[in-house]
Each structure stands twice: as C-alpha cells, then as structure tokens.
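The basis for the numbers below is simple: all heavy atoms, side chains too, and nothing from hydrogens, waters or symmetry mates. Treat the numbers as computed from the prediction; the structure is a model and nothing was measured. In listed order, ligands and their atoms are each counted from 1.
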Amino acid sequence: ETLPKWWKEATVYQIYPASFKDSNGDGLGDIPGISSKLDYIRDLGVNVIWICPFYKSPQYDMGYDIADYQDVHAPYGSKADVDALIAGTHARGMKIIFDLVVNHTSHEHAWFQESRRSRDSPKRDWYMWRPAKVVDGKRVPPNNWRSNFGGSVWEWDEPTQEYYLHYFAVQQPDLNWENPVVRKAVYATAVNYWLDKGVDGFRIDTVNMYSKFLDFPDAAVVDPSTPWQPADKYYSNGPRLHEFLKEMHRECFSKYDVVSIGECPNTPNFKDVLPFVSTQEKELDMVIQFDLASLDHGGGELRLWRRDWKLHLFKAITEDAQILAIPEHDAWCTTYLENHDQARSVSRFGSDAPQFRVQSAKMLATYLLTLSGTPIVYQGEELGMVNMPRSWDVEKEYKDLNTVDYMRELRRIAGDDKDMLEKGIYSAQMTARDHSRTPMQWDSSPNAGFTTAKQTWMRVNDSFTEINAAAQEQDGSSVLAFYRTLLKLRHTYKQLFIYGSFELSEPDNEDTMTFIKRHEEDNALVLLNFTKDDQPFVVPSRFKGRPELLISNLPTAQKHVLRPYEARIYINH
Ligand code: TEU
C-alpha cells in the first residue's frame, strides 16, 4: 500500500511577511522575524508554513507584483535569510512552501522592461500586447473588461503604440503563456530554482488564469455608468489551461516530493475542480476555492457585504468540497476560513462581540479542524484575531490597492447619496482584505510586540491588549490552547477527522451545523451553534454507538441544548 501523501496529513499555517514579525525595527515584518517565531509555529502543531511573496517587488500589490523571482524584497531581508528560514523550518520537522505568482510579473521585471522596449524586441510576445481598436475615430482598448483593481485591463503604451493586458494592477502585466519560451522560463526561474533549494512546494496564485480567451470578447454590460465591466467568467479556465497545468506538473512538480496548492477563483463546484486535482490528471494536488470565502460578498460593482449570508449555503458549500476527499475520487481538498485576501472569520461567520468572541473562534476552529482535506490556518486566526474597529477611517487606515479602488468606485457611484456611501463604507469595513493584514498580536507591549518601531506600516488593531499570543500561551482556556488541542486530536483520530466520510445532518437548519465523520465502525459527531442563542439539537440516528464527549468549547454540556456558539465533538465509545 503506497505511503499516504505527507500533505494529506498536514495542516498549513499561512504567513504574511509584512505583518508577522519585525526583527530590525523598521515597522515592517521580515524574514528573520519569521525565523524567530518558528518554535511558536511548531508548538501550534502545524506541519507546513506557506509564506506569501517576499520576492523583489515595488509592492503595488504587497509583493504579488514580482520584479525578480530569485531575489528578496530588501526590507524583508537577504537570500541568506531565506535559506536560514528554510533550514530552520526543516530543523523543526516542518515543511515550507512559497507563493508562485506567474500569471503576471511586476512592470519592473527585466522581462517586461525588455518586452516594452520596442515592438520587435525579442521578448515582445512574452506579454499580451494588442493594437488599439478605433471607434468613431477614437482609439479604444481591445475590449471592455474591468481589471480586478479598477479601470480597463488594457494599458496604453505610448512609445510602442499598443496596449498591454493586466488582469490586476497596471503594474502587473500578464505573461503570455501561449508562448512556450515564456512557460519554459517560468518553470526554470520561478519554480525549479526554489524546489532545487529545498522548498517543499507552492501555493500557486490565480492558477486558472494563465490560458486566455484570445478573441477577448466584450463582457456583458452590468454597470452602464462605466465602460469597464466585470469579466470574471473570462478571466479563468481558458481553453489551454489544463494543457499548461499538465506541462507545469511534468516539468516541475513531478520531479520532486512536493505539494502544489492552486488558488482557483470562479470555479465553484467539485465537478469543476476534479479535473485540477484528481491524481490521474497529474496537474495539482489540491486547490483553494472561493465559494465559502465569497459567501458574504455581494455581487456586482461594489460587492456589498451580505449581512444575510445563509448557514444552509455555508453547509452545502462545505459538503460539496468534502466530496473531493472521498477515496474513490483519488483527489484532495483544502479547507480554510481566512487568508490575506479575506476579513477575519470571527467577525464574519462568528461574533466579535466581547461576550462571544472566544467561543465563536473555538467553534469555527472545531469546524475547520474536523473536516477532511488539508486545513489552512491564517496567522492570528489561532488567536481569534478580529476585524479592525469600525471607528477607523477606511481611507486613512486601509492600505490595500483593492480597497483604494473600491472606495474610488464607491465615491463615483454614490456621488452625494449619503445612504449609499454609508452602506459601501460599512461593506468595506466588513470585507476588506486589509483586516487580515494588521500586525500579528504577540503581546500587550506597544505595537503588540510586532515591532520596536514607533511607526508601523499598518496600524496595529486596538484589540491587541486583550488578544495576543503571550496571554494565550499562559491560558489553558484560550483560543490558542484550543487550536493546539484540536490539532492533536486531528492526528489522534486521523481516520475520522482527516480521512473520514462527511455526513451532514439537517442541511436546512439555519442555526446549527451537525455532521458525522465516519470510518468503518467508528464515527465522530460534530455539533456547532452558529448563533448567539440557545439552540436545541438531537444526536442523528445514524450516529453509531454511545456518544462520548471528546471536547467542547464550554465547561459543561447540557443534554439537547447548545449554548451560544457552543461546539462539541462526540465519538462512539
Ligand atoms: O488573488 C487572486 C484573486 O482571486 C483575486 O481575483 C481576488 O478576487 C482579489 O483578491 C480581489 O478580491 C491573488 C492574491 O491572493 C491576491 O492577494 C493578489 O492581489 C492577486 O492574486 C493578484 O496577484
């Protein structure tokens, strides 16, 4: 029987280098700061660290605009610091994966500098250049697609009189994956270079955007007030995508014992995901889907926050993803509630009210760490960190270009409509990517022990005095202690929690989530109250054996009633 893949039994811990730990007092996190916290990470009980981009970059999109795949953004440290981090992680029995961002580079990358130099530059078709259309005698871009960060996806280059494509910022030109020379350069420069240095794999950014619909059709007009229309369905899953991913697997990942985790927007159902992650396809090991993360994001131009997200949808999405992990699919899935692009899960799916924050953080942890698949815990999630206070001025404290674009659009659309403006600002306060980027809260000293600097690159969340690692490491009833215990239980009962089948009960119940994880004669029952009120529950008749309480987030467990945000796990004696 072949050994299970190590990454199936792992839990990943995601680190955002700018906000994790500052070692040199400049107010920005850095690589040596991460190395100084490797014992903390190991003691949490996770097995893999995912580091967000630390490469040389002008930082328009916090490092997702890479100017040199093999060099380090100087304020983060040196290449020797990166080597030391890899070695330090391995010395503690953990693995480390980096972020692979090759749908686009920075405009400062040497490849793009060469490409834009002239139309007959040898690297001209390393990027997507197109001539202007002329409509009514006016020069216009090839189509009406809106970039993820505002405006057209086409940027005019005056010297060479053509547009170049950028799905994201103007400073993030899309590489031309149609060109086999580009693909070969990407595999050698950005992937195998690091795998040869002992990196254990990658989280792969926008993994389903490489193949473009080359006829670039106009998107349907959903907002006549602007020429630029959302084109999500055209951004992803283009005609040659699986061909490219099979080639990248063949040229890179297949040659090493490493993991590949593709970020896969606009791909909601398990049937759409299977072609990426079924072992026989030889493409990716697993993907990061967006349907749960987008559940409380509204649609349309402003993606207004949906206060009314529905638990039955939360459960149905979970059930759909769990199908990927059943043995006959020979595939795998990730599970997560937070990352650097998402607001804090306690504030979104739990409650950050003082009387419920700890309970609901533990309840969400119980959800995450009893599901099959590979969980991804985001820095600070293990402490129950929450969103920035609503008293903060969005346009002053939020730094993300995505938020800057959002506020620009909001002001354009709202005009002097105060109600619309207020609704839009509230939406940003609930869903902006910035919430997960405030500095990690290490202790109650100034700036939460994140830095000795007076001025930090992003303001520290006021909550640091009562939410910080130091306090929780001394408190057996803390969120941190609960994560550590759950991660131990996940391994002790791995046939149930990691590999067990997922059986949802009461799918339409909008208050509680009840599911069984089953392996042969054993089963575990997970009970989660997603509300601030007492809720009745029954043990499903399919639960085999006498229920024995394994863990709860409350000191006592009442028969038939779950207290607010109560979580319980029973196993059969
Ligand atoms: O995000 C890709 C992605 O899914 C975006 O389309 C997402 O919807 C965007 O964050 C707007 O909400 C990845 C990275 O995780 C993100 O941080 C980068 O900004 C983006 O790619 C470009 O590299």
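Judged by the 6.0 Å distance and 45° axis criteria, Arg124 is positioned over the aromatic ring of Trp129. Annotation: cation-pi pair Lys95/Trp6 present, NZ/CZ under 6.0 Å from the ring centroid and within 45° of its normal.
In this view, Phe464 satisfies the ring-ring contact (aromatic ring centres under 6.0 Å, His included) rule with no residue, not counting sequence neighbours. Scored by the salt bridge (charged side-chain N to carboxylate O under 4.0 Å, His left out) test, Asp174 finds Lys212 as partners (sequence neighbours excluded).
Close approach of ligand 1 to Pro265 (heavy-atom distance below 4.0 Å) involves ligand atoms 4 (O). Interface of Arg203 with ligand 1, defined as ligand atoms under 4.0 Å from a residue heavy atom, comprises 14 (C), 15 (O). Taking every heavy atom of Phe290 and a limit of under 4.0 angstrom, the matching atoms of ligand 1 come to 4 (O). Interface of Asn148 with ligand 1, defined as ligand atoms under 4.0 Å from a residue heavy atom, comprises 6 (O). Atoms of ligand 1 found under 4.0 Å from any heavy atom of His104 (numbered from 1 in listed order, with element): 22 (C), 23 (O). Close approach of ligand 1 to Asp205 (heavy-atom distance below 4.0 Å) involves ligand atoms 13 (C), 14 (C), 15 (O), 21 (O), 22 (C), 23 (O). Annotation for ligand 1: atoms under 4.0 Å from non-hydrogen atoms of Arg433 are 9 (C), 10 (O), 16 (C), 17 (O), 18 (C), 19 (O).
Remark: Lys271 NZ is loosely packed, at most 12 non-hydrogen atoms of other residues, nucleotides or ligands lying under 6.0 Å away. When the shell of 6.0 Å around CD of Glu243 is examined, it contains more than 12 heavy atoms from other residues, nucleotides or ligands. Within a 6.0 Å radius of NZ in Lys8, more than 12 heavy atoms belonging to other residues, nucleotides or ligands are found. Counted within 6.0 Å of NZ on Lys399, heavy atoms from surrounding residues, nucleotides or ligands total more than 12; the atom is thus considered enclosed.
The closest approach between a heavy atom of Phe149 and any atom of ligand 1 is below 4.0 Å.
Nearest non-hydrogen protein atom to atom 18 (C) of ligand 1 is Asp61 OD2, 3.3 Å. Remark: minimum distance from atom 1 (O) of ligand 1 to any protein heavy atom is reached at Glu263 OE2, 3.1 Å. For atom 20 (C) of ligand 1, the nearest non-hydrogen atom of the protein is Phe168 CE2, 3.8 Å. Nearest protein neighbour of atom 12 (O) of ligand 1, counting heavy atoms only, is Asn402 ND2, 3.6 Å.
On a distance-only criterion, His340 and ligand 1 share at least one N/O pair closer than 3.5 Å.
For Asp205 and Arg203, the salt-bridge test passes: some basic side-chain N is under 4.0 Å from an acidic carboxylate O.
Checked by atom type, the side-chain pair Thr318/Tyr367 shows a donor-acceptor distance below 3.5 Å.
When the heavy atoms of Asn103, Asp341, Asp400 are ranked by distance to atom 16 (C) of ligand 1, first place goes to Asp341.
No part of Asn339 comes within 4.0 Å of ligand 1, judged by heavy-atom distances. Residue Tyr406 does not touch ligand 1, judged by heavy-atom distances below 4.0 Å.
The backbone N or O of Leu284 sits nowhere less than 3.5 Å from a side-chain atom of Ser260 that would complete a donor-acceptor pair.
Per-atom contact check: atom 5 (C) of ligand 1 touches the protein, criterion being a heavy-atom distance below 4.0 Å.
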